[in-house]
Amino acid sequence: MNRPVIRETPTSLPGFRLWPGALDAAAQKTLMDQVLAAAETAPFYRPVTPGGRPFSVEMTGMGSLAWVSDRAGYRYQPTHPVTGQPWPPMPQTLLDLWDALTGWPAPPDACLVNLYRGEARMGLHQDRDEADLTAPVLSVSLGDTAVFRIGPAEGGKTHGLKLASGDVCALMGPARLARHGIDRLLTGSSQLVPGGGRINLTLRRAL
DNA sequence: GAGTTCCA
DNA sequence: ATAG
């Protein structure tokens, strides 16, 4: 990355790690441009749940695999569901960030790109569609600040925190299966995403 | 606003 | 049935 991580904020949930401002403005812009370039060939689309209800977020992906949802269920697949083309490659900056922050010995093979605009949100859920549930999940926030909600895997009390552009967080170890979601955006808090909104990059090992 | 339960 |  252009710039090393400055600090890690302690959190009350063991295994949930937060690096506020891990990416400086220049690194955010570089990454934003890379995501927009990827979206030229892998356009954002709106998935549906297995029950046929549309998501409020739009999605695309990068890397050898990306997570998709449709009437057939949840899965990782190697191609864009609309174009049928392979996902664009994962930017090297993301592979470097994964190495630097997680130290996991194998690189991520999937990067889900979620676009939040307006009232878009993501209900509380667990990431459990990956083959190896011990590998970390790394999340990069770009654009508008969002209220992120997280709580224990077993259920119980959750708490909300703001994730701003350039913040990076991880679910690892005992927090790997933590319940988490996005309550709402603070619309207009950033100008990074063209047309406004927030883009979240989620790096995972799907296989 | 936060947290729980239910529905499908 | 699902991250709705």
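Every chain is numbered from 1 and lettered A, B, ... according to where its sequence line falls, protein lines coming before strand lines.
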Within the structure shown, what part of the strands sits under 4.0 Å from [X] by heavy-atom distance: base, sugar-phosphate, or nothing?
{"X": "R121(A)", "result": "sugar-phosphate"}
{"X": "G52(A)", "result": "nothing"}
{"X": "R46(A)", "result": "nothing"}
{"X": "D129(A)", "result": "base"}

T93(A) and Q34(A): side-chain donor and acceptor closer than 3.5 Å? yes

What I want to check is whether the side chains of R176(A) and T134(A) have a donor and an acceptor closer together than 3.5 Å. no

If we call it a pair only when both distances are under 3.5 Å in a Watson-Crick or G-U wobble match, what pairs with dG1(B)? none

Complement of dA1(C), any strand, by Watson-Crick or G-U distances under 3.5 angstrom: none

From CA spacing to verdict: side-chain hydrogen bond (donor to acceptor under 3.5 Å, both in side chains), T202(A), N114(A): CA-CA 8 Å; T202(A) 312; N114(A) 286 158; 4.9 Å; no

Starting from [atom2] on [N], measure out to [atom1] on [X] and report it in whole angstrom.
{"X": "R75(A)", "N": "dA1(C)", "atom1": "CZ", "atom2": "C1'", "value": "16 Å"}
{"X": "I182(A)", "N": "dG1(B)", "atom1": "CD1", "atom2": "C1'", "value": "16 Å"}
{"X": "Y74(A)", "N": "dT2(C)", "atom1": "OH", "atom2": "C1'", "value": "3 Å"}
{"X": "R128(A)", "N": "dA1(C)", "atom1": "CZ", "atom2": "P", "value": "19 Å"}

Parallel under 30°, tilted from 30 to 60°, perpendicular over 60°: which one fits the rings of F148(A) and F16(A)? parallel

Which listed nucleotide (dA3(C), dG1(B), dG4(C)) is nearest to the side chain of W67(A)? dA3(C)

Do side-chain atoms of R179(A) reach the backbone of A153(A) as a donor and acceptor pair under 3.5 angstrom? yes

Going 5' to 3' through nucleotides 3-8 of chain B, assign each nucleotide B (protein heavy atom under 4.0 Å from a base atom), S (under 4.0 Å only from sugar-phosphate atoms) or - (no protein heavy atom that close). SS----

Answer yes or no: is there a side-chain heavy-atom contact under 4.5 Å between L13(A) and P152(A)? yes

